[in-house]
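Only heavy atoms go into these numbers, but all of them, side chains included; no hydrogens, no water, no symmetry mates. Predicted model only: the values in this text are computed from it and were never measured.
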Amino acid sequence: MANPAQGAKYRGSIHDFPNFDPSQDAEALYTAMKGFGSDKEAILELITSRSNRQRQEISQSYKSLYGKDLIADLKSELMGKFERLIVGLMRPLAYCDAKEIKDALSGIGTDEKCLIEILASRTNEQIHQLVAAYKDAYERDLEADIIGDTSGHFQKMLVVLLQGTREEDDVVSEDLVQQDAQDLYEAGELKWGTDEAQFIYILGNRSKQHLRLVFDEYLKNTGKPIEASIRAELSGDFEKLMLAVVKCIRSTSEYFAERLFKAMKGLGTRDNTLIRIMVSRSELDMLDIREIFRTKYEKSLYSMIKNDTSGEYKKALLKLCGGDDDAAGQFFPEAAQVAYQMWELSAVGRVELSGTVRPANDFNPDADAKALRKAMKGLGTDEDTIIDIITHRSNAQRQQLRQTFKSHFGRDLMADLKSELSGDLARLILGLMLPPDHYDAKQLKKAMEGAGTDEKTLIEILATRTNAEIQAINEAYKEDYHKSLEDALSSDTSGHFKRILISLATGNRDEGGEDREKAREDAKEIADTSSSGDKTSLETRFMTILCTRSYPHLRRVFQEFIKLTNYDVEHIIKKEMSGDVKDAFVAIVQSVKNKPLFFADKLYKSMKGAGTDEKTLTRIMVSRSEVDLLNIRQEFIEKYDKSLNEVIEGDTSGDFMKALLAICGGQD
């Protein structure tokens with residue numbers, strides 16, 4: 001079993017089996033494989049209940065007792081994924097890694113993802129053991145094999161990692177932190193082309209503690225996380241490797257939680273990845289991985305494995321997982337805090353928000369007005385010119401353009417655009433032409449028009465806008481529709497949902513910082529009310545706190561709530577509430593945690609699966625284009641492993657796609 005560092009708490013899910021007798025276990029395995037068929041239940045129960053050190057003793061006893069190789073016998077008796085999992089558990093970790101890398105380099109093509117995962121995540125000691133195990137098992141030099149099968153900067157970084165010489169000193173020089181942050185900036189953002197060698201040297205050699213401070217300094221100096229610069233400056237497998245290194249520097253456990261989620265989400269399961277991680281982390285940090293998984297993906301690792309696998313394979317994986325974090329009493333405070341810090345560090349308050357649409361340089365409203373008139377005059381319409389002008393001007397410039405168009409031609413630009421364009425493109429272009437407050441007011445009006453109410457739109461807008469934005473929307477709504485927004489909401493919604501929306505629509509949220517003592521009181525009030533079983537009181541208490549407290553204060557409330565209950569507040573909302581009330585509170589919580597991620601999720605859902613929700617797609621692209629769409633893009637690629645640009649390209653078409661891509665502002 002892995003020995004935790006002095007004073008560190010063991011975070012693996014597999015422990016040494018008490019009263020261990022290797023000879024007795026060897027006999028039990030021999031009996032389970034003797035004769036016709038094999039007792040798979042007995043095999044998985046025994047092997048997943050022993051630590052790796054104990055399994056090596058069982059292998060030795062098996063050979064001494066029967067003159068046979070246990071791994072060879074297991075291979076002949078078992079098959080498929082279950083066989084790969086059980087045999088993986090029987091190898092020492094270093095030999096298991098060596099086998100994975102050998103398989104990744106063998107045959108036609110290379111499994112770069114496997115190379116990246118192993119070499120980016122292992123400690124110096126684990127790397128040294130891996131190199132020795134590879135030499136012992138295959139009588140080959142691992143570095144020579146990697147050089148022979150890879151190329152370029154990707155190869156160079158793999159070779160650097162393979163040396164296992166990352167600095168391990170916890171003493172950090174503040175001057176060197178600032179120098180490294182500046183050197184990375186100059187090697188990428190400030191340079192024509194990229195100095196990849198500088199990235200390789202710093203990210204491949206500096207200590208984890210040092211690099212975490214470098215990343216903080218880089219963000220402070222540039223307004224961008226280091227990941228955004230890596231995506232912009234590097235490409236291909238080299239980019240993927242460097243991003244994996246950064247993730248492991250920040251949190252190895254979070255990196256593996258993300259890898260496990262991606263291995264099981266969607267159609268099909270990436271069983272090789274699932275097996276490799278469950279085997280390799282079972283005696284290192286599986287408990288931390290489980291807790292980060294649960295907080296980040298709102299479901300337990302145990303439940304996802306249970307729903308995504310079957311048979312003895314599933315039973316063995318669940319044994320390695322070690323417990324269901326959705327069950328009472330199973331949530332671990334230490335890892336819950338790690339999980340909380342994960343999104344606290346990426347919260348909006350720490351990152352400069354940036355839109356993708358900016359004021360055009362050398363803006364000439366006269367020339368633009370004439371170009372637009374020409375594009376709409378006569379037979380046919382020049383959509384390309386319209387898209388190019390409207391999507392590359394700021395909203396303030398578009399308002400100037402409307403006035404200039406009327407002064408020159410005595411015509412209403414909005415009316416002309418409406419008559420010349422149609423469908424999704426018309427909605428998008430006309431949306432861009434409206435001032436933001438009037439655009440939001442119109443979306444709210446449409447959500448309440450006709451039969452039925454579009455509650456999702458009401459929630460999205462009212463739960464995410466600032467006080468100033470809400471107050472401007474109220475004025476615009478009154479001006480455009482001669483009715484107060486509050487009256488409209490009152491007549492179109494009901495119950496607690498109505499009260500939540502009206503509270504949000506007052507635009508009266510506190511704007512100060514956090515009050516730690518008050519945050520503890522708020523968290524305790526929510527916790528106490530949650531345990532009382534009184535749903536009405538719970539909804540009222542949540543509304544009072546979530547709709548009125550400042551964002552910094554609410555982040556502190558959420559953290560205090562985790563400390564008190566070991567649960568994320570979002571989990572309680574989803575468990576105790578339902579319908580529109582639940583959706584509204586979840587939207588507020590997600591917006592407080594990380595607003596760009598909230599919108600990234602909504603954009604992804606608007607385009608995934610059969611059909612596209614063009615209205616949601618248009619509304620978000622228009623309303624966030626000058627606010628935080630660049631941040632949304634970064635969150636999108638981070639979570640979904642594909643760029644927003646790429647998904648728009650694959651899910652829309654024609655002029656609508658061209659306009660969306662122009663607003664999106666580039667490929668990540």
Side-chain angles (χ1 to χ4, degrees), residues 185-186 188-194 221-224 228-229 232-233 352-378 380-421 425-439 468-469 472 618 620-634 643-645 648-649 654-668:
Y185 184 49
E186 290 175 0
E189 299 276 343
L190 286 185
K191 191 177 179 67
W192 180 259
T194 306
N221 292 347
T222 68
K224 287 184 181 179
S229 294
E233 299 298 326
E352 182 185 343
L353 297 179
S354 179
T356 52
V357 175
R358 298 176 180 85
N361 295 325
D362 304 320
F363 172 56
N364 185 335
D366 289 341
D368 283 351
K370 288 172 185 172
L372 286 172
R373 177 70 180 131
K374 185 179 177 184
M376 294 185 283
K377 196 173 166 185
T381 306
D382 181 357
E383 286 88 353
D384 285 344
T385 295
I386 294 170
I387 291 168
D388 186 54
I389 292 174
I390 303 297
T391 61
H392 290 97
R393 306 296 182 268
S394 68
N395 195 276
Q397 289 175 333
R398 291 183 209 122
Q399 303 319 309
Q400 256 185 282
L401 189 47
R402 284 178 69 178
Q403 189 57 54
T404 303
F405 194 89
K406 184 166 277 188
S407 298
H408 275 5
F409 306 111
R411 302 173 66 92
D412 183 346
L413 177 55
M414 292 284 283
D416 280 7
L417 287 167
K418 198 170 184 179
S419 71
E420 292 292 327
L421 306 175
L425 178 64
R427 277 197 294 274
L428 180 63
I429 295 297
L430 291 168
L432 289 168
M433 290 304 303
L434 281 171
D437 48 352
H438 288 265
Y439 179 73
E469 288 168 339
T618 298
I620 295 173
M621 295 296 285
V622 168
S623 64
R624 311 315 293 181
S625 60
E626 294 184 49
V627 181
D628 55 2
L629 189 52
L630 189 61
N631 307 82
I632 293 168
R633 272 171 40 184
Q634 290 163 0
S643 70
L644 177 58
N645 188 290
I648 289 171
E649 249 181 344
D655 292 323
F656 180 52
M657 178 185 76
K658 288 179 190 172
L660 286 171
L661 292 177
I663 298 167
C664 184
Q667 179 70 269
D668 292 300

Taking C-beta and beyond as the side chain, do [X] and [Y] meet within less than 4.5 Å on heavy atoms?
| X | Y | answer |
| --- | --- | --- |
| T391 | M621 | no |
| Y185 | T222 | yes |
| D416 | F409 | no |
| R402 | P435 | yes |
| D382 | K374 | no |
| R633 | C664 | yes |
| L372 | I390 | yes |

Which distance, rounded to the nearest 0.5 Å, do you find between the [atom1] of [X] and the [atom2] of [Y]?
| X | Y | atom1 | atom2 | answer |
| --- | --- | --- | --- | --- |
| T404 | R373 | OG1 | CZ | 15.0 Å |
| S625 | I620 | OG | CD1 | 12.0 Å |
| N395 | Q399 | CG | CD | 4.5 Å |
| I387 | H392 | CD1 | NE2 | 10.5 Å |
| L421 | F656 | CG | CZ | 12.5 Å |
| K224 | Q634 | NZ | CD | 7.5 Å |

Could you pull out the closest heavy-atom pair between [X] and [Y], with the gap in Å?
| X | Y | answer |
| --- | --- | --- |
| K418 | L430 | CG-CD1, 3.9 Å |
| N631 | S354 | OD1-N, 2.7 Å |
| M433 | L413 | CE-CD2, 3.7 Å |
| R411 | F405 | O-CD2, 3.5 Å |
| L428 | A659 | CD2-CB, 3.4 Å |
| A360 | Q397 | N-OE1, 2.9 Å |

Test side chain to side chain contact (heavy atoms under 4.5 Å, CB included) on R624 and T356; report intermediate values, then the result. CA-CA 9 Å; R624 311 315 293 181; T356 52; over 6 Å; no
Dump the intermediate steps for side chain to side chain contact (heavy atoms under 4.5 Å, CB included) on I386 and L425, then the final yes or no. CA-CA 11 Å; I386 294 170; L425 178 64; over 6 Å; no
Given side chain to side chain contact (heavy atoms under 4.5 Å, CB included), test R398 with V357 step by step and report yes or no. CA-CA 12 Å; R398 291 183 209 122; V357 175; 3.7 Å; yes
List in chain and number order the residues that pass salt bridge (Lys or Arg N to Asp or Glu O under 4.0 Å) with K658, two or more places apart in sequence or in another chain; answer none if no residue qualifies.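 Checked K658 against salt bridge (Lys or Arg N to Asp or Glu O under 4.0 Å); matches are D384, D655.
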